[in-house]
Amino acid sequence: MFKKSLVAVVAATLALTACGGGSDAGGGAGGGSDDGITMGFAQVGAESGWRTANTKSVQDSAKEAGVELKFSDAQQKQENQIKAIRSYIQQQVDVIAFSPVVESGWDTVLKEAKDADIPVILTDRSVDSSDTSLYKTFLGSDFVEEGKKAGDWLVEDSASTDGPINIVELQGTTGAAPAIDRKEGFEAAIAADPDLKIVQSQTGDFTRSGGKQVMEAFLKNTPDIDVVYAHNDDMGLGAIEAIEAAGKVPGKDIKIITVDAVKDGMTALSEGKINYIVECNPLLGDQLMDLAEKVVAGEEVPARVVTEESAFTPEQAKEVLASREY
Ligand code: GZL
């Protein structure tokens, strides 16, 4: 490790000398732009409308804050995120931020960042490591609360309906914090009504094509589906395609509840094809840059920063659609 980091420091110094750029970076790392910090950001991928909005928010906020951003897209593969984090350590960035595609398997690479004296910020999703010294803070939504909001709405909406209500669930990426927690929150909420039953549950990997394929299978093998609970809008939109292809009316024959509230989801909601959307705010860029600057300066930051978010009915979607930022 010492030899590698010595080589890295020499290489970085030569590079800085060659381009004449760079400043005397603090925080035990190098490579900061003249007056700002350098951040290595390892993004999950580009799997959904939410992710696209999140990436834009991070990139726009970095530019505005004068943060030099090194950005990578892991195409939803953990090994690619780990590679990117190792590359940022080699480059001696001032701070590393990432959204862990899954909860587990991060301790080794996060220890390498800690040993290199590079602070890490978790954004959007968290890790299940018991060693919370491996990261400075976690900025993101409360996914259990999002699942609870979805379940609470269904309990209220079905209160006047007699008999069993069959729910099929389109789960997010297997092992991802939002998939695990949205399932947990939803199940806890619907436990209040014994008529509400999840009869099928399978991952659609947070993608529109995944949601469509799984919904096609559900429609073939599950009679009497009453409700779809999709962990994100994109899978819900894929389910709508499958439901319409099966000659049924989404939002009426089969009710749909999703999470995110991105533009395409809110449009379907305003048209009555989706019945309820729980918002998950992707616009984390400004808060992330503020936290990063504080962390690099050695200032204390809260261990957990929960993002503000709402939920929408079709009527509410019609009112806000034109003014939505994403
Ligand atoms: C949630 C985020 C999820 C979104 C999906 O914070 O991690 O990943 O709900 C996205 O749309 O793919």
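In listed order, ligands and their atoms are each counted from 1.
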Any N/O pair N232/ligand 1 closer than 3.5 Å: yes
Between S61 and E64, a side-chain donor and acceptor under 3.5 Å: no
Just jot down the ligand 1 atoms closer than 4.0 angstrom to any heavy atom of [X], in number order.
X    : answer
S48  : 5 (C), 10 (C), 11 (O), 12 (O)
F206 : 5 (C), 12 (O)
F143 : 1 (C), 6 (O)
C280 : 1 (C), 6 (O)

Salt-bridge criterion met for D124 and R51 (N-O under 4.0 Å): yes
SB check K294 D290 (cutoff 4.0 Å): yes
Any heavy atom of [X] sitting closer than 4.0 Å to ligand 1?
X    : result
G140 : no
R182 : yes
P178 : yes

Heavy atom of the protein closest to [atom] (residue, atom name, distance):
atom                    : result
atom 11 (O) of ligand 1 : D260 OD2, 2.6 Å
atom 12 (O) of ligand 1 : E47 OE2, 2.6 Å
atom 3 (C) of ligand 1  : R125 NH2, 3.7 Å
atom 2 (C) of ligand 1  : D124 OD1, 3.4 Å

Centroid-centroid under 6.0 Å between F98 and W106 rings: yes
Close side-chain approach of N232 and M235, heavy atoms under 4.5 Å: yes
Any F143 side-chain heavy atom under 4.5 Å of H231 side chain: no
Flag, side chain of D181 to backbone of D142, donor-acceptor distance under 3.5 Å: no
Nearest atoms (heavy-atom pairs only) where Y326 meets P282: CZ-CD, 3.2 Å
